[in-house]
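Shown next, in structure tokens, is the structure this report addresses.
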Amino acid sequence: MEKQKKFDQRYLEMARIWAKNSYCTRRQVGALVVKNNMIISDGYNGTPSGFENICEDDNGVTKPYVLHAEANAITKLARSSNNSDGATIYITASPCIECAKLIIQAGIRRVVYGEKYRLTDGIELLERAGIEVVYLGE
């Protein structure tokens with residue numbers, strides 16, 4: 001189990017590095033999907049492909065079409081030959097309820113996250129679905 005924790009910490013650290021690719025100024029979030037000890041997808045929060053890389057409006061409010069890191073990582077998998085059945089997703093922040101639904105439907109079995117968000121409904125939904133949820137806070 002100690003070996004798994006070490007891997008979890010390292011992949012989460014890689015997700016934090018990946019989050020730095022985000023153009024969002026309010027919060028940068030990164031996600032990695034790992035299966036059989038291989039990173040099969042990655043994502044960070046940002047605008048859809050082809051949109052300007054500006055996440056917030058003039059008032060500093062996040063635009064409604066900004067994709068979360070988890071959604072980007074999972075939809076990227078849909079365009080590849082990989083699948084996420086039984087995979088682990090590493091996220092720098094706890095998932096919202098919308099991303100939790102995507103995680104469940106993608107067949108991901110473990111979620112490891114590093115920051116708690118004020119809303120807990122995403123975590124509660126994952127636990128209700130029988131997905132292992134691991135918090136590795138600072």
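Excluded from the calculations below are hydrogen atoms, water molecules and symmetry mates; all remaining heavy atoms, backbone and side chain alike, are included. Treat the numbers as computed from the prediction; the structure is a model and nothing was measured.
- The nearest pair of heavy atoms linking Ile40 to Lys35 is CD1-CB, 3.9 Å.
- Between Val33 and Asp42, every side-chain heavy-atom pair lies at or beyond the 4.5 Å cut-off.
- One distance of note links NZ of Lys76 with OG of Ser84; it measures 14.0 Å at 0.5 Å rounding.
- Cluster membership check: Leu77 shares its hydrophobic cluster with Leu126, using side-chain heavy-atom separations under 4.5 Å among Ile, Leu, Val, Met, Phe, Trp and Tyr.
- What you find for Ala100 and Gly122 is that their closest heavy atoms are CB-O, 3.4 Å.
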Intermediate values then yes/no, salt bridge (charged side-chain N to carboxylate O under 4.0 Å, His left out), Arg110 and Glu132: CA-CA 5 Å; Arg110 284 182 83 235; Glu132 181 186 349; 3.3 Å; yes
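- Nearest heavy-atom pair, Ile91 versus Ala93, reported as atom, atom and distance to 0.1 Å: CG2-O, 3.0 Å.
- Thr92 OG1 to Glu70 CD: the interatomic distance, rounded to the nearest 0.5 Å, is 8.0 Å.
- Judged purely by atom type and a 3.5 angstrom limit, Tyr90 has no side-chain atom pairing as donor or acceptor with the backbone of Glu13.
- With hydrogens and angles disregarded, no donor-acceptor distance shorter than 3.5 Å links the side chain of Ser22 to the backbone of Ala19.
- Under the 4.5 Å side-chain criterion, counting only non-hydrogen atoms from C-beta, Val111 is not in contact with Val134.
- Put simply, CZ on Phe51 and CG on Leu67 are 9.0 Å apart, with the number rounded to the nearest 0.5 Å.
- Between Tyr113 and Tyr135, the ring planes lie tilted relative to each other; the angle falls in the 30° to 60° range.
- Of the candidates Asp121, Ile103, Val133, Pro95 forms a side chain to side chain contact (heavy atoms under 4.5 Å, CB included) with just one, namely Ile103.
- What you find for Lys63 and Glu56 is that their closest heavy atoms are CE-O, 3.6 Å.
- Using a 4.5 Å heavy-atom threshold, the side chains of Ile89 and Leu32 count as separate.
- A distance-only check finds no donor-acceptor pair linking the side chain of Asn59 to the backbone of Val61 [under 3.5 Å].
- Looking at Glu2 and Lys5, no side-chain N of the basic residue comes within less than 4.0 Å of a carboxylate O on the acidic one, giving no salt bridge.
- Of all non-hydrogen atoms in Asn45 and Val29, the two that sit nearest each other are OD1-N, 2.8 Å.
- Contact annotation: the side chain of Met14 approaches that of Ile39 to within less than 4.5 Å [non-hydrogen atoms, C-beta and beyond].
- Separation of atoms SG (Cys99) and CG (Leu125) is listed at 11.5 Å; rounding is to 0.5 Å.
- Taking both residues in full, the closest heavy atoms of Tyr117 and Ser94 are given as N-OG, 3.0 Å, listed atom of the first, atom of the second, then distance.
- The structure places CD of Glu52 at 9.0 Å from SG of Cys55, a figure rounded to the nearest 0.5 Å.
- With contacts defined as side-chain heavy-atom distances shorter than 4.5 Å, the pair Arg27/Glu115 qualifies.
- Of the possible polar contacts, one joining the Asn83 side chain to the Asp85 backbone as a donor-acceptor pair under 3.5 Å is found.
- Using a 4.5 Å cut-off on side-chain heavy atoms (C-beta onward), Pro48 and Tyr65 make contact.
- Thr88 places none of its side-chain heavy atoms less than 4.5 Å from the side chain of Ile108.
- Once rounded to the nearest 0.5 Å, the distance linking SG of Cys24 with CG of Asn53 reads 9.0 Å.
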